[in-house]
Amino acid sequence: MIRTERAVSIFKQAFETYWSAPSTFKKSASAEWMGLGLAEVDARITFSPHSASNSVLKSVAEDIRSATSSIFYSLAFLANTPGVIRDALGDQTGSLSSPVSLTTKPAWLSHPAVPIRPRAMSPRSMLTLRAPSGKRRRDCQKAGWARGCITSSSSWTSDFDQPGALVYLGSYNMSKTADGDNGENLIAVRDKRVATSYMIEAIRIIDHYQFRVSSKKDGKALKLKKPPRSPGETPWWDRDYTDPGKIRDRELFCP
């Protein structure tokens, strides 16, 4: 059984410091990395705002650059968030292309040591496909997303299949504002089980939006592809064994 007393006390202390001494929060213990005291999981937390001396942006970027197997990420407004995090992701992909840098979306990079085009959701047009109607649509419009609902999620997972599997999660948006101005929380977890769970959720979201796009392209019902019917016919899974990116993904998910 996981004991949570220390985790609760850490959050309680952070909130008390926010309210009682906001001007000195950057120098408080809450702005440093602290172990959450979870016996079964290696988990740490830090709260912002940080000062220049205890900023975590650089160390997070270094973790992104050190990934050797995969990175899954969902970062809000990456196009509008220049800095070391975006640079690190750009170095891992070769360059940041518009499908990755527009608004919030999950994406993954497989075997980033080999430059490949990142897989990602398409721009915001994907969100308008089969968007909710009626009251739910009006709620989205009131929230400022007239063209569809969107979830602002900030997390990234690296090397889920490796001993050094790592997850960063929390309200922290990986930006200078989140690090030095806002009141945010950032949790780092080194655990293969947790990393694998976040990887599965990232793929679920990506598949969800890709399905919405596929089902809207020509208005026709989606049908499962059949295996080859005659000798020499190219099977639908041929790309998984011939396309370099598909090969890497197949080897990553099906070792």
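The shown structure was predicted, so the numbers you read here are calculated from the model rather than taken from an experiment. One-based numbering along the sequence shown.
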Test side-chain contact (heavy atoms from CB on, under 4.5 Å) on Asp159 and Thr68 and set out the steps.
-> CA-CA 7 Å; Asp159 294 344; Thr68 60; 3.6 Å; yes

Please give me the minimum heavy-atom distance between [X] and [Y], naming the atom from each residue.
{"X": "Phe160", "Y": "Ser70", "value": "CD2-OG, 3.4 Å"}
{"X": "Ala61", "Y": "Val84", "value": "CB-O, 3.7 Å"}
{"X": "Pro235", "Y": "Pro228", "value": "CB-CG, 3.6 Å"}
{"X": "Ile10", "Y": "Gly35", "value": "CD1-O, 3.3 Å"}
{"X": "Ala31", "Y": "Thr46", "value": "O-OG1, 3.1 Å"}
{"X": "Arg65", "Y": "Gln92", "value": "O-NE2, 3.4 Å"}

Atom [atom1] of [X] and atom [atom2] of [Y]: how far apart are they, to the nearest 0.5 Å?
{"X": "Ile64", "Y": "Ser59", "atom1": "CD1", "atom2": "OG", "value": "10.0 Å"}
{"X": "Ser155", "Y": "Ile187", "atom1": "OG", "atom2": "CD1", "value": "11.5 Å"}
{"X": "Leu252", "Y": "Met199", "atom1": "CG", "atom2": "CE", "value": "7.5 Å"}
{"X": "Tyr168", "Y": "Met174", "atom1": "OH", "atom2": "CE", "value": "7.5 Å"}
{"X": "Leu166", "Y": "Thr157", "atom1": "CG", "atom2": "OG1", "value": "8.0 Å"}
{"X": "Phe25", "Y": "Trp19", "atom1": "CZ", "atom2": "CH2", "value": "13.0 Å"}

If a pair satisfies side-chain hydrogen bond (donor to acceptor under 3.5 Å, both in side chains) and one of its residues is in residues 182-202, list it, with sequence neighbours excluded.
-> Ser171-Glu184, Ser171-Asn185, Asn182-Glu184, Asp191-Arg193, Glu201-Arg204

For Lys26, does the NZ atom have more than 12 heavy-atom neighbours from other residues, nucleotides or ligands under 6.0 Å away?
-> yes

Would [X] and [Y] show up in the same hydrophobic cluster when neighbours are defined by side-chain heavy atoms closer than 4.5 Å?
{"X": "Phe72", "Y": "Ile200", "result": "yes"}
{"X": "Leu36", "Y": "Val41", "result": "yes"}
{"X": "Trp237", "Y": "Phe253", "result": "no"}

Within-4.5 Å side-chain heavy-atom neighbours: Trp236 and Lys226 = no

How about Thr81 and Arg86: do any of their side-chain heavy atoms sit closer than 4.5 Å?
-> no

The complete set of ring pair (Phe, Tyr, Trp, His ring centres under 6.0 Å) pairs with one or both residues in residues 30-55, sequence neighbours excluded, reads Phe11-Phe47

Would you say the side-chain atoms of Ser55 pair up with the backbone N or O of Ser51, donor to acceptor, closer than 3.5 Å?
-> no

Is Asp243 reaching over with its side chain to a backbone N or O of Lys246, donor-acceptor style, under 3.5 angstrom?
-> yes

Check the pair Ile45 / Leu186 against side-chain contact (heavy atoms from CB on, under 4.5 Å), numbers first and verdict last.
-> CA-CA 6 Å; Ile45 188 170; Leu186 178 64; over 6 Å; no

Do Ser9 and Gln13 have a side chain donor and acceptor closer than 3.5 Å?
-> no

Distance-only side-chain donor-acceptor flag, Asp179 / Ser48, under 3.5 Å = no

Checking side-chain hydrogen bond (donor to acceptor under 3.5 Å, both in side chains) for the pair Thr177/Ser175: CA distance, chi angles, key distance, verdict?
-> CA-CA 5 Å; Thr177 300; Ser175 66; 4.7 Å; no

Please walk me through it: do Leu169 and Val189 pass side-chain contact (heavy atoms from CB on, under 4.5 Å)?
-> CA-CA 8 Å; Leu169 65 144; Val189 182; 4.1 Å; yes

Given Leu57 and Ile85, is the side-chain contact (heavy atoms from CB on, under 4.5 Å) satisfied, shown in steps?
-> CA-CA 7 Å; Leu57 279 173; Ile85 302 299; 3.8 Å; yes

